[in-house]
Number of protein chains: 2
Amino acid sequence: MPRPRTHDEALRVRLLDRAGELIAAEGATALSLRRLAADAGTSTTAVYSLFGGKPGLVRELYVEAFHRLGTRLRAVPMTGRPAEDLVLLGVAYRESALADPHLYGVMFGGAIPGFEPDDEATSHSRAALAPLLEVIAAGVETGVFLDSGGTMAVGCWGIVHGLVSLELLGNLPPGMDVAATYERSLRANTAGWLNRASG
Amino acid sequence: MPRPRTHDEALRVRLLDRAGELIAAEGATALSLRRLAADAGTSTTAVYSLFGGKPGLVRELYVEAFHRLGTRLRAVPMTGRPAEDLVLLGVAYRESALADPHLYGVMFGGAIPGFEPDDEATSHSRAALAPLLEVIAAGVETGVFLDSGGTMAVGCWGIVHGLVSLELLGNLPPGMDVAATYERSLRANTAGWLNRASG
DNA sequence: AGCGTCCCGTGACAGTGTTATGGAACGCTA
DNA sequence: TAGCGTTCCATAACACTGTCACGGGACGCT
């Protein structure tokens, strides 16, 4: 009779927590299975039993990171004015990325070479962006925005993701007021989607 | 008497060419010094003599990639209408990235773990984006755009880079018309920077 | 011709992810 | 309770990586 799988849940969360700490503190390259296992008081094969390998471990961090992002975005208080809410969501998106820059690299930067998110993992990523879609849908509904077939969501996600990526990778000129520039850019982009026939 | 350094220039370009081929064909993780040296008919120490190590080699690819990007952007025929030219530059930017996706990862994605561009290398990156700054400056000059202190350039670079990054990393929903969505988003973003008091 | 320097091939070291082997702990059945 | 079957994970090896000490041979200059 096959004995049911009773994975050591405590060890599992200990590995995940420590992996997150290592990435947060020293970046994705500092996450080595040997070091991780030693810190967690186990050996590398435990990672293979619990996660199937390093990519499997990273996958858990990936969905966890998107879960946190989604929570932060859903926690943003909405004003009911779509153009304003869109900017608020963008600011919260940046703050979420800055709160854990290396995790953002895991989500979007391809920071871990062997890791590619599967379809089930990417569905988590899109779920985290649901508040963005809702605000846009509300704006289109009330005639504030002009959109066609989800184009606007991609454009808004693009500018938010682009500016955050440039900032995190140090590509923005030093000394600039990133927060102000960021918000100003978001407002301009939002303005471009306004329906100027109404209002 | 110290003999002048006579680096093997042929070997140097052979290594760089092959490194570019490897990255283009199989991604940044496929670029190993041993394989590169074997393909070029030399040994790994040659890379250390010529480039100082793997990061030094990647640095050359980095500036080369930005050189190509700059060349493509400068080759875009300008119409003289800033709002239109801005979109044209954005489209050329995307085409340049799609022409060699893995090189784009070297430029912005942090695809090679040990590599961080130094100040001199990042100056090359900003030089490649000069056409963008020129178009914006021309638009501000003629009163078409409303900008303050380079904010608009960052915003435009952000959306372009963000959409290209999302596309290259497979984060956009499958089956969508990326080219059309991309151009539509660029037009909307540009519209947000227009000076509505004039014109 | 000879000297001094530099280029780079050989080989080693420490690190990585991965996996075959095997022992020990555990759940279930008899 | 004894024993079986399975699962978990510790040990150790393999192939691979970037890096560097060593040293031979080629080269430019006097």
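Protein chains get the first letters and strands the later ones, always in sequence-line order, with residue 1 at the start of each. Every heavy atom of this structure was used, including side-chain atoms; hydrogens, water molecules and symmetry mates were not.
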Using the closest heavy atom to pick a nucleotide of DNA chain C for each, name whichever of B:Ala46 or A:Lys54 lands nearer the 5' end.
-> B:Ala46
Return the polar atom pairs (N/O with N/O) between nucleotides 10-13 of chain C and the protein under 3.5 Å, or none.
from	atom 1	to	atom 2	distance (Å)
C:dA12	N6	B:Arg34	NH2	3.2

Distance in angstrom units between A:Leu11 CG and D:dC8 C1', rounded = 10 Å
Which residues share a side-chain hydrogen bond (donor to acceptor under 3.5 Å, both in side chains) with B:Glu26, sequence neighbours left out = B:Arg35
Separation of atom CD in B:Glu9 from atom C1' in C:dC8, rounded to whole Å | 16 Å
Rounded to whole Å, the CZ-P distance (B:Phe51 to D:dG18) equals 14 Å
Calculate the interatomic distance between B:Leu31 atom CG and D:dT19 atom C1'; express it in whole Å.
-> 15 Å
Using a distance-only test with no angle check, is there a side-chain donor-acceptor pair under 3.5 angstrom linking B:Tyr182 and B:Tyr93?
-> no
Ignoring the backbone of B:Thr42, work out which of C:dG17, D:dC8, C:dC8 is nearest its side chain.
-> C:dC8
Tell me what A:Ile112 touches on the nucleic acid: a base, only sugar-phosphate, or nothing, going by heavy atoms under 4.0 Å.
-> nothing
Rounded to whole angstroms, how far apart are CG on A:Leu33 and P on D:dA10?
-> 13 Å
Is A:Leu172 linked to B:Val160 within one hydrophobic cluster, defined over Ile, Leu, Val, Met, Phe, Trp and Tyr using a side-chain heavy-atom separation of less than 4.5 Å?
-> yes
Base, sugar-phosphate alone, or nothing: which one does B:Leu36 contact when heavy atoms must sit under 4.0 Å apart?
-> nothing
Nearest-Å distance, CG (B:Asp8) to C1' (D:dA26)?
-> 12 Å
Is there a side-chain polar atom (N or O) of A:Tyr48 under 4.0 Å from OP1 or OP2 of C:dT19?
-> no
Quick one: pull up CG in A:Leu163 and CD in A:Glu167 and give me the separation to the nearest 0.5 Å.
-> 8.5 Å
For A:Asp85 and A:Thr79, indicate whether the former's side chain and the latter's backbone hold a donor-acceptor pair under 3.5 Å.
-> yes
Rounded to whole Å, CZ of B:Phe115 lies from P of D:dG18 at a distance of 15 Å
So what does A:Pro113 hit on the nucleic acid, given a heavy-atom distance under 4.0 Å: a base, only sugar-phosphate, or nothing?
-> nothing
Can you check whether B:Ser32 has a side-chain N or O nearer than 4.0 Å to OP1 or OP2 of D:dT17?
-> yes
Among A:Tyr62, A:Phe108, A:Phe51, find the residue that satisfies the ring pair (Phe, Tyr, Trp, His ring centres under 6.0 Å) test when tested with A:Phe115.
-> A:Tyr62
Ignoring hydrogens and angles, tell me if any N or O in the side chain of B:Asn195 forms a donor-acceptor pair with the backbone of B:Gly143 under 3.5 Å.
-> yes
